[in-house]
Amino acid sequence: MFQPMGNTESTTENVEQVIKFLSLLEKHSVRKGESWPLVYVVGPMLAKSFPLIRSHDTPDGVRLLSVAVSLFGPQKIVQELYIYNEANSSYYVPAHKDKESGPELFMQVFKGTFVPWCLLEYNSSPNARLDLLLALLNDEYFSEQWQMILSYAINQEKTESEHGPQEVHYLDLLAMLLEKARTEIARRKMNNDFIHQFWFTPDKWQHELLESAAVAVACSPSPHMTSSARFLCAVLGGSSKDNCISFASKNAMVLIFTIVFKKLVAVGLESSFSVVRDSCALLVAGSTNFAVENESSINKTETAQFALKVLGGSFFCLKTVSNEIELVSGILTLVFIIGWENSLDALEEDVLNDESKAKIRGRLRFGESLNGFCSKMNDEFWKSLGIDNRKRLGSNLVHFIRSVMFKEDKLGADKITTLCFSWVLEVLECLCHDHDEEQNLLDQLLSKNDTWPVWIIPDFSAPKGLDNLNAGAVSVDIYATGNLKFVSLVDKLILKIGINRVITGYVEITLSTPLKETAKEEITSRAWLAAEILCTWKWPGGSAVASFLPLLSAGCRSGNYPFQESLLDSIFNILLDGALVHGESGTQSSFNLWPAFGDELEKVEEPFLRALLSLLVNLFKENIWEGDKAIRLFDLLIHKLFIGEAVNQNCLKILPAIVSVLVHPLCQRSIESEESKGDSQVASLGEKQMQDTVKDWLRRLLSFPPLVTWQAGQDMEEWFQLVIACYPLSAMDDTKSLKLVREISPEERTLILDVFRKQRHGVSALVASNQLPLFRMLLSKLMVLSVGYCWTEFTEEDWEFFFSNLRSWIQSAVVIMEEVTENVNDIITNSSTSENLDVLKKLEKIVLIPDPYPITVAINALASFSLFCTILELQQPAEDNPLRAERWDSTRDRILEGILRLFFCTGIAESIASSYSVEAASIVAATRFNNPYFWELVASNVVKSSQHARDRAVKSVEFWGLSKGPISSLYAILFSSTPFPPLQFATYVILSTAPISQLAILEEDTACSLDGETSGDRNSGALEMSSERNIRLKEELSLMIEKLPDEVFEVDLISQERVNVFLAWSLLLSHLWSLSSSSSAREQLVQYVQDSANSLILDCLFQHIPLELCLAHNLKKKDMELPVDISEAASAVKTAITTGSLLFSIETLWPIEPKKMTSLAGALFGLMLCILPAYVRGWFTDLRDRTASSLIESFTRTWCSPPLIVNELSQIKKANFADENFSVSVSKSANEVVATYMKDETGMDLVIRLPPSYPLRPVDVECMRSLGISEVKQRKWLMSMMLFVRNQNGALAEAIQTWKSNFDKEFEGVEECPICYSVIHTTNHSLPRLACRTCKHKFHSACLYKWFSTSHKSSCPLCQSPF
């Protein structure tokens, strides 16, 4: 059984049987006090086998011995072994044997035999021998035995290490022994097995030798990584929360963890990141016994890895030493920081060269070894550490995060912010177990230092969070990178955990929890933070308008915050105080007050005022504040306007912008008050006070001299701005046309008109062009509200003054834009691609308009003109109103021509730039976003322009003689790489309507050939065939329609490339619809589409139309409500089919959304079915996917075919065939048409049936009756009708008319084409005109061209003579 080379399985089985036998003996005999089993059976067997067991060292043999020791006791087994060996195979126990020699004998054998043998590692049974060693431990002699084991292992380890490479790692064996002991202690504790005292008293295992060895190993400068770390972990324990049995005293633990801490700090001080080095230095600041050892970076990294291994295997022992706050928090701080440094290294690796990458890879691997710590740091662990440790750790980590945010500049702002944001979340999750802990940590994160905050100084000591302005401390470079990154971090934090927790420091309280009296004071303490964010305005990845204000509004609307009004008031007061302090900078005169603040806020340079305006706009827009609040704020500002009798100049400078926001909710309140008649008297008094105040301001304006006499130092400008702000205008729908907001009294209207006329009398129109910029600015604003509110009282002199100034101001903008366009033309035409960078830099300079005044004045002029046009549309002037005089029509057209020139200028500049590069075109296009409202007004007026004005503008631009013309400019805007939706819609309208639509689709030579008529046989036929071959779309359209790349099928469904393709097809279909159905131009253009257009467009359309939803809806009840996407597509299809227009879908296309693209896709498909049925049918027939084919047919049958069939039958019924030989009858119920042709007692009746899925499925044609016609001719007529109706790209009525004309010609003697056997060609409806000189037969040019192409010959198809 103990032979080493025996059958292992059978040996193990035999041993198991023996062990069972021994257990039975112990159970039935030994427990009854009988000694014979040990004396006569077990003792002799083991004594005889012991030499074999020891020499062969098989696990089974050792295990058998261990079981025997456990069953019969270690002393008895050792005694039996000794007796047998002494008696030399005698089984007799002498009666005179000294009983007292038993313990001494046992300890001698244990020390001399079992300890050395069990601590050998040379073969496969160390586990079994260590189990035996533990089994030999005895309660009475445990301390001596444990000392023997430790002494032997430690001494042997020391001896072996002094004599070179070790064959036996005694530390490993000792670690294994400790691990087994820990497992056994835990098992016995769980089973309540307290028989042996040393198993349930772990303190008995603690020993000075063990602790000194552990400390020595930890201090070793170059420890054996695996065995040393395992040994220390085995001594300390704490590898998991359930394994916290330690064999070291608390003092020893502190010593070992201190060494671990030092090793981690040492490697941290070697970091390439200064923030890591500084944080590590801060952790050891003031420590007298810390010194960095002079080692290489590699050695420090290795020892730090060793320290991490030790920490990883004893992590939960930190709870035992948790009262050592500096040590525990320091170690945990390093764990976090080293892991975070790994993330920084990974980011830095992307921007380093190969040599630098090699240097940090070792640290990267070192950092990766921390990954296992995250799973150990659970809530239970953090709670066990105590609040003091968590506070100190949180403070350390927050300091590190802030250092990275403000000091780390080697990496990109976005990357740093994202990293720090994840770190903050990690810290909050780990360390904050209640609301107070979280807020304490956030207070530390947001606390003031030299670089943060920039604008506000938070007063943390004040009970209500009173804050001071940081005006004096703001450096010149206020937009320091660290500040922007930090605000970005706060913004992300708000988005993730909620604005209430970050800004208000509030968590929703349950009803059972009473609110403290001090809650209000505590919650408003971070109003300064909201003000700081708003003043910062923009930061990496967000802005006040785009990200913070929506979150603030959502938080207020949620209703979860009981003190929202107090918070908002605090933010408002902080910002107002700041705006008043900096009021001398105020707003620029170019600041536009109409129609809304969205884009104009960017022009406010003063941060406090800009932040205040954005806050007010958002709160009133979201109805968080309403009219009552506006009245109170208005009253507050009025009181601040005067200091005694003197005017507060700073308040006067900021008041116009603020009042322009407040007036809108005030006006809305007035309307609601009139409707409800139930508002309080206080509110009515407040509104009346506002009206009286505005009248006083108007009277103050009248007391000033005319604007033309303005001199520096006067406050006339501010009062003008303030008055103008009281009369708001708003945009109407999406057209950007202006409409009045306030209803004013006759007295106010009279005062406004008096102010306007005072300016008119002060300056003549002849010197308007020489006016000062400020004068033009204020006068243009006054003009807007004057024409809006007082136009009915305007005299002819008033209108003369109005129009002359408008023309002058718009013309000034035209001159500026034309100069920019000419400069772009000069740079591009005189440059080569090798000068790319220089050209782009020059381009960036010349497209910027340095003086904003002319453009801002032009904005006001365009607003005035837009308002004027709106008034004419909505109201008819009285008979005696001078506005009705026709003399203003030409003036109006001249103004529109100037606006159109502005429109063409921006397009030409982009078109010229795009001929150089996409980057150049983007530079030009991006300038539109500098003055978006200017271009929105230009676009809205372009849409309303007359054909006459458009024609004059086009001719003017053509005469200009630049490298690009008006059509190229329009396509540059429509397909811009930097789209501007209002201009795109205006461009589409211009391109799709006369007179420009005639020039915009086809190249000029093609258009001429299509418009010209031909005569003669051979010459006309040659021209016809030539035009068919050479027809060309404009290059911009051809790229989208004829040369459509397959990649467009793969791009995003709302990508700009796809939108451009849809717009190109929309223009082509709109142009086809506008052409007469009988015109040769339409026929040839349709044939071109049939032959050349890429049918991939139809596949793209059905990517937007949810066919599966359509089918699912059809299978359900018909009266069920349609899903939104199906409804959009179905409605668009029907509208396009019934109106023949796509404009309804184009004008609502922007901003691009999936739903809007679905609508446009449906409209395009519907119009294609109307105009190009044969083209669509050809694509459908070629589909190989039967599932897709079935779904498309189902959609068409349900939503497209019914209106199409109704439309077709109605057109046939209305068609005037006007011939006694031909008649047509229509059956709408059967979807049938019967055509009867009679001639000279011969004729036939043909029935045309429209299928349910028309036109995807071809119509059926059947002969119902024939008279006097041969079978051959009957079949020919039937086939002819079938070809005409199936090849017709247009209405069926046209196909029937063409079929009739074909046989009219045949009866008139016109020869049929020998190739197609038809007189009239089935697709282009031409007659056979190309004649063979030999046989004289005539052919259709299209048939002959196809014959030549397919046969590869140029001979006559009949006589084979050269043609």
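Everything numeric in this text was worked out from a predicted model, so none of it was measured.
- Across every non-hydrogen atom of Gln206 and Ala248, the tightest pair is NE2-O, 3.4 Å.
- In this structure, Trp146 and Trp205 have perpendicular ring planes: the angle between them is above 60°, well past the 30° mark.
- By the ring-ring contact (aromatic ring centres under 6.0 Å, His included) test, Phe257 pairs with no residue at all, sequence neighbours left out.
- Put simply, CG on Leu534 and CD1 on Ile456 are 9.5 Å apart, with the number rounded to the nearest 0.5 Å.
- Of the possible polar contacts, one joining the Ser322 side chain to the Lys319 backbone as a donor-acceptor pair under 3.5 Å is found.
- Nearest heavy atoms, Ala175 versus Ala234: O-CB, 3.6 Å.
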Candidate pair Leu133 and Leu119, rule side-chain contact (heavy atoms from CB on, under 4.5 Å), full reasoning: CA-CA 9 Å; Leu133 193 60; Leu119 291 180; 4.2 Å; yes
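- Evaluation of the salt bridge (charged side-chain N to carboxylate O under 4.0 Å, His left out) rule for Glu179 yields Arg230 as partners, not counting sequence neighbours.
- Contact check for Ile387 versus Arg390: side-chain heavy atoms found under the 4.5 Å cut-off.
- Contact check for Trp539 versus Ile533: side-chain heavy atoms found under the 4.5 Å cut-off.
- Using a distance-only test at 3.5 Å, with no hydrogens or angles considered, a donor-acceptor pair links the side chain of Thr536 to the main chain of Glu532.
- Side chain of Ser422 to main chain of Leu419: a donor-acceptor pair is present (N/O by atom type, distance under 3.5 Å, no hydrogens or angles).
- Leu318 has its side chain out of reach of Leu327: every pair of non-hydrogen atoms, C-beta onward, lies at least 4.5 Å apart.
- Without hydrogens or angle criteria, Glu437 side chain to Leu428 main chain gives no donor-acceptor distance under 3.5 Å.
- Taking every heavy atom of both residues into account, Ala214 and Leu232 meet most closely at O-CD2, 3.1 Å.
- To the nearest 0.5 Å, the span separating NE2 on His207 from OG on Ser212 amounts to 9.0 Å.
- Side-chain contact check for Glu438 versus Leu442: some heavy-atom pair is nearer than 4.5 Å.
- Side chain of Glu211 to main chain of Ser249: a donor-acceptor pair is present (N/O by atom type, distance under 3.5 Å, no hydrogens or angles).
- In terms of heavy-atom proximity, Leu264 sits nearest to Ala304 at CD2-O, 3.8 Å.
- Once rounded to the nearest 0.5 Å, the distance linking CG of Leu311 with CZ of Phe261 reads 12.0 Å.
- In this structure, Lys492 and Leu489 have side chains that are not in contact, with every pair of non-hydrogen atoms separated by 4.5 Å or more.
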Test side-chain contact (heavy atoms from CB on, under 4.5 Å) applied to Leu210 and Phe231, step by step: CA-CA 10 Å; Leu210 184 62; Phe231 170 67; 3.9 Å; yes
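- In this structure the side chain of Ser151 reaches within 4.5 angstrom of the side chain of Leu209, judged on heavy atoms.
- Not one N or O on the side chain of Ser395 forms a donor-acceptor pair closer than 3.5 Å with the backbone of Arg392.
- Counting all heavy atoms, side chain and backbone alike, Arg526 lies closest to Ile503 at CB-O, 2.8 Å.
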Val276 and Phe400: CA distance, side-chain angles, deciding distance, side-chain contact (heavy atoms from CB on, under 4.5 Å) verdict: CA-CA 8 Å; Val276 176; Phe400 177 78; 3.8 Å; yes
Derivation of the side-chain contact (heavy atoms from CB on, under 4.5 Å) call for Met405 and Trp452: CA-CA 11 Å; Met405 291 296 295; Trp452 162 265; over 6 Å; no
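- With values rounded to the nearest 0.5 angstrom, Arg182 atom CZ is found 11.0 Å from Leu177 atom CG.
- Across all their heavy atoms, Leu174 and Ala153 have their closest contact at CD2-CB, 4.2 Å.
- We find the OG1-CG distance between Thr333 and Leu393 to be 4.5 Å, quoted to the nearest 0.5 Å.
- Between Met253 and Glu324, every side-chain heavy-atom pair lies at or beyond the 4.5 Å cut-off.
- Rounded to the nearest 0.5 angstrom, Leu283 CG and Ser329 OG are separated by 7.5 Å.
- Counting heavy atoms from C-beta on, the side chains of Leu493 and Leu445 come closer than 4.5 Å.
- Remark: side-chain polar atoms of Lys485 are not paired, donor with acceptor, to backbone N or O of Thr417 under 3.5 angstrom.
- Listed by chain and residue number, nothing satisfies the ring-ring contact (aromatic ring centres under 6.0 Å, His included) test with Phe421 (two or more places apart in sequence, or in another chain).
- When Asn396, Leu397, Ile337 are each tested for a side-chain contact (heavy atoms from CB on, under 4.5 Å) with Ser279, only one passes: Ile337.
- Looking only at distances, no side-chain donor or acceptor of Glu408 sits under 3.5 Å from a matching main-chain atom of Ser403.
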